[in-house]
K.L.:
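Pasting a structure here, questions to come.
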Number of protein chains: 2
Amino acid sequence: MNREFEDRCEVHYIHEDNVREVQTAMLEQETILSLAELFKTMGDATRLKLIFALMKKELCVCDLAAVIGVSESAVSHQLRVLRNQKLVKFRRQGKVMYYTLADEHVRMLFDQGLEHVCE
Amino acid sequence: MNREFEDRCEVHYIHEDNVREVQTAMLEQETILSLAELFKTMGDATRLKLIFALMKKELCVCDLAAVIGVSESAVSHQLRVLRNQKLVKFRRQGKVMYYTLADEHVRMLFDQGLEHVCE
DNA sequence: GTTATATATGAACAGTTGTTCATAAATAAT
DNA sequence: ATTATTTATGAACAACTGTTCATATATAAC
């Protein structure tokens, strides 16, 4: 009769109470997806180097490319990703774009991650 | 004569002092890679749901599959990824494997990320 | 206007990732 | 030992990601 239920009944919940409790608390799919995007954005060596560099100083695309040793095009592409996730902000001065960290959350995430890794 | 220098000279450092300063402070490649792996691991909706679930309760593979609505095989694969990054730990009780968060770092990273996303 | 410079973007390609399905391993019960 | 159950693993495949290269845009200097 009810397909959803038929499917459900084949699942064997070992601790049904726990399952329901956690399911109820579970975050919205949308929230989870945003969070995944955030961590995914930080899950790349090039972007982490960019973030680290911007934790130290405001820098232009040119400088960033020199610091981490990749092409300016690659840097520009990755800066866009960081911008989309609001991890960095920028200002234009003439032809030059200066980037900085968007806020202290980014720094805290970075440092917190570093602590986990360095244990 | 010196190829490395030839290449170097084509790079146009706009703020050479800043570049050198940040370059000096830059983390080891190995450290950056470990950090990238950590964030990459957290950069997936399924794994974030697993982490969230384990933030609430100790759960077995079976329960986790039911909570987040994916196959037990998929859960098992992802739990291995989380285990490799030391984000979860587990104990065996008979046939059943019970998973929990490895430590409070994970929770703090998750919450810190959530704060950034929810702004 | 033209030219030069700094940055951004689009397409393409190799490399990586997450799921599914089939199968294996580990334990428990008979 | 055989069978059932829970979890883990390997192979395979589609989907996604990051770089490169070529090109476009934006500003400045002339």
Side-chain angles (χ1 to χ4, degrees), chain A residues 7 10-16 18-19 32-33 36-51 54 58-85 88-100, chain B residues 7 10-16 18-19 32-33 36-51 54 58-85 88-100:
Chain A
D7 291 336
E10 293 183 9
V11 177
H12 41 293
Y13 296 9
I14 289 202
H15 309 89
E16 213 169 329
N18 287 349
V19 170
I32 289 284
L33 288 177
E37 285 308 311
L38 168 62
F39 286 122
K40 208 177 292 179
T41 299
M42 297 189 71
D44 174 80
T46 300
R47 289 192 292 267
L48 281 182
K49 287 180 195 168
L50 290 174
I51 290 172
L54 296 175
E58 183 186 57
L59 293 164
C60 68
V61 177
C62 211
D63 292 342
L64 285 166
V67 166
I68 71 177
V70 308
S71 75
E72 288 164 31
S73 175
V75 167
S76 187
H77 274 295
Q78 299 302 357
L79 283 172
R80 181 169 49 161
V81 177
L82 293 172
R83 251 158 39 212
N84 289 343
Q85 288 299 314
V88 301
K89 55 188 177 186
F90 58 97
R91 66 186 175 88
R92 160 165 252 135
Q93 189 177 304
K95 285 176 287 193
V96 182
M97 302 288 278
Y98 289 93
Y99 283 82
T100 46
Chain B
D7 290 336
E10 292 182 10
V11 178
H12 42 292
Y13 295 10
I14 291 202
H15 309 89
E16 213 169 328
N18 287 349
V19 169
I32 290 284
L33 288 177
E37 284 309 308
L38 169 63
F39 286 122
K40 207 177 293 180
T41 299
M42 296 189 72
D44 173 81
T46 300
R47 289 193 293 267
L48 281 181
K49 286 181 197 168
L50 291 174
I51 290 173
L54 297 175
E58 183 186 57
L59 293 164
C60 68
V61 177
C62 210
D63 292 342
L64 285 166
V67 166
I68 72 177
V70 308
S71 74
E72 288 164 30
S73 175
V75 168
S76 187
H77 275 295
Q78 299 303 357
L79 283 172
R80 181 169 49 162
V81 177
L82 293 173
R83 250 158 37 211
N84 288 343
Q85 288 299 314
V88 300
K89 54 189 179 186
F90 58 96
R91 66 184 175 91
R92 162 164 251 137
Q93 189 177 305
K95 286 177 286 191
V96 183
M97 301 287 280
Y98 289 94
Y99 283 82
T100 46

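Residue numbers start from 1 in every chain, and the chains themselves are labelled A, B, ... in the order their sequence lines are given, proteins ahead of strands. Quick caveat, the model's predicted, so the values are computed rather than measured. All values below come from the heavy atoms of this structure, side chains included, with hydrogens, waters and symmetry mates left out.
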K.L.:
Atom CD1 of B:I14 to atom C1' of C:dA4: distance rounded to whole Å?
P.N.:
13 Å
K.L.:
Taking atom P of C:dT16 as reference, at what distance in whole Å does atom NZ of A:K40 sit?
P.N.:
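In whole Å, C:dT16 P and A:K40 NZ are 17 Å from each other.
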K.L.:
Just by distance, do the side chain of B:R92 and the backbone of B:G94 share a donor-acceptor pair under 3.5 Å?
P.N.:
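At least one qualifying donor-acceptor pair exists.
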K.L.:
Can you figure out which of C:dT20, D:dT6, C:dG18 approaches the side chain of B:K95 most closely?
P.N.:
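Per side-chain heavy atoms of B:K95, the pick is D:dT6.
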K.L.:
Just to be sure I understand the rule, does B:Y99 reach a base, reach only the sugar-phosphate, or reach nothing, if contact means heavy atoms closer than 4.0 Å?
P.N.:
sugar-phosphate
K.L.:
Could you check if a side-chain atom of A:S73 sits within less than 4.5 angstrom of a side-chain atom of A:H77, using non-hydrogen atoms only?
P.N.:
yes
K.L.:
For D:dT9, take OP1 and OP2 only and decide whether either is under 4.0 Å from a side-chain N or O of B:R83.
P.N.:
yes
K.L.:
What heavy-atom pair brings A:Q85 and A:T41 nearest, and what distance separates the two atoms?
P.N.:
CG-OG1, 3.0 Å
K.L.:
Report yes if a side-chain nitrogen or oxygen of A:R92 is closer than 4.0 Å to either non-bridging phosphate oxygen (OP1 or OP2) of C:dA6; otherwise report no.
P.N.:
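No, no such contact exists.
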K.L.:
Can you find a heavy atom in the side chain of B:V19 that is under 4.5 Å from one in the side chain of A:V67?
P.N.:
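Yes. Closest side-chain heavy atoms under 4.5 Å.
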K.L.:
Nearest whole angstrom, please: distance from the P of C:dA6 to the NE2 of B:H15.
P.N.:
11 Å
K.L.:
Between D:dT27, D:dG18, C:dA8, which nucleotide gets closest to the side-chain atoms of A:V61?
P.N.:
C:dA8
K.L.:
What about A:S73, does its side chain sit under 3.5 Å from the base of C:dT9 through a donor-acceptor pair?
P.N.:
yes
K.L.:
How are the rings of A:Y99 and A:F90 set to each other: parallel, tilted or perpendicular (split at 30° and 60°)?
P.N.:
tilted
K.L.:
Below 4.0 angstrom from OP1 or OP2 of C:dT7, is there any side-chain N or O of A:S76?
P.N.:
no
K.L.:
Could you tell me how far apart A:L82 (CG) and C:dA8 (P) are, to the nearest whole angstrom?
P.N.:
12 Å
K.L.:
State whether the side chain of B:R47 and the backbone N or O of B:K40 hold a donor-acceptor pair below 3.5 Å, judged by distance alone.
P.N.:
yes
K.L.:
Checking only heavy atoms, does the side chain of B:H77 share a donor-acceptor pair with the base of C:dT17 at less than 3.5 Å?
P.N.:
no
K.L.:
Without decimals, in angstroms, what is the distance between B:R47 CZ and C:dT19 P?
P.N.:
8 Å
K.L.:
Would you mind telling me which residue lines up with the more 5' stretch of DNA chain D, A:E37 or A:G94, judged by nearest nucleotide?
P.N.:
A:E37
K.L.:
Could you state the atom-to-atom distance from CD of B:E72 to P of C:dA22 in whole Å?
P.N.:
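Atom-to-atom, B:E72 to C:dA22, this comes out as 16 Å.
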K.L.:
Base, sugar-phosphate, or nothing for A:Y98, non-hydrogen atoms under 4.0 angstrom?
P.N.:
nothing
K.L.:
How close or far is atom C1' of D:dT25 from atom CE of A:M97, stated in whole angstroms?
P.N.:
12 Å
K.L.:
Can you tell me if A:R80 touches the phosphate of C:dT7, counting only side-chain N or O atoms and a distance under 4.0 Å to OP1 or OP2?
P.N.:
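Checking A:R80 against C:dT7: no side-chain N or O falls below 4.0 Å of OP1 or OP2.
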K.L.:
Taking only the side-chain heavy atoms of B:C60 (C-beta and beyond), determine which of D:dT19, D:dT7, D:dA28 contains the nearest atom.
P.N.:
D:dT7
K.L.:
Looking at C:dT19, I'd like to know if its phosphate oxygens (OP1 or OP2) sit under 4.0 Å from a side-chain N or O belonging to B:Q78.
P.N.:
yes
K.L.:
Which whole-number value in Å describes the distance from B:D44 CG to C:dT16 P?
P.N.:
18 Å
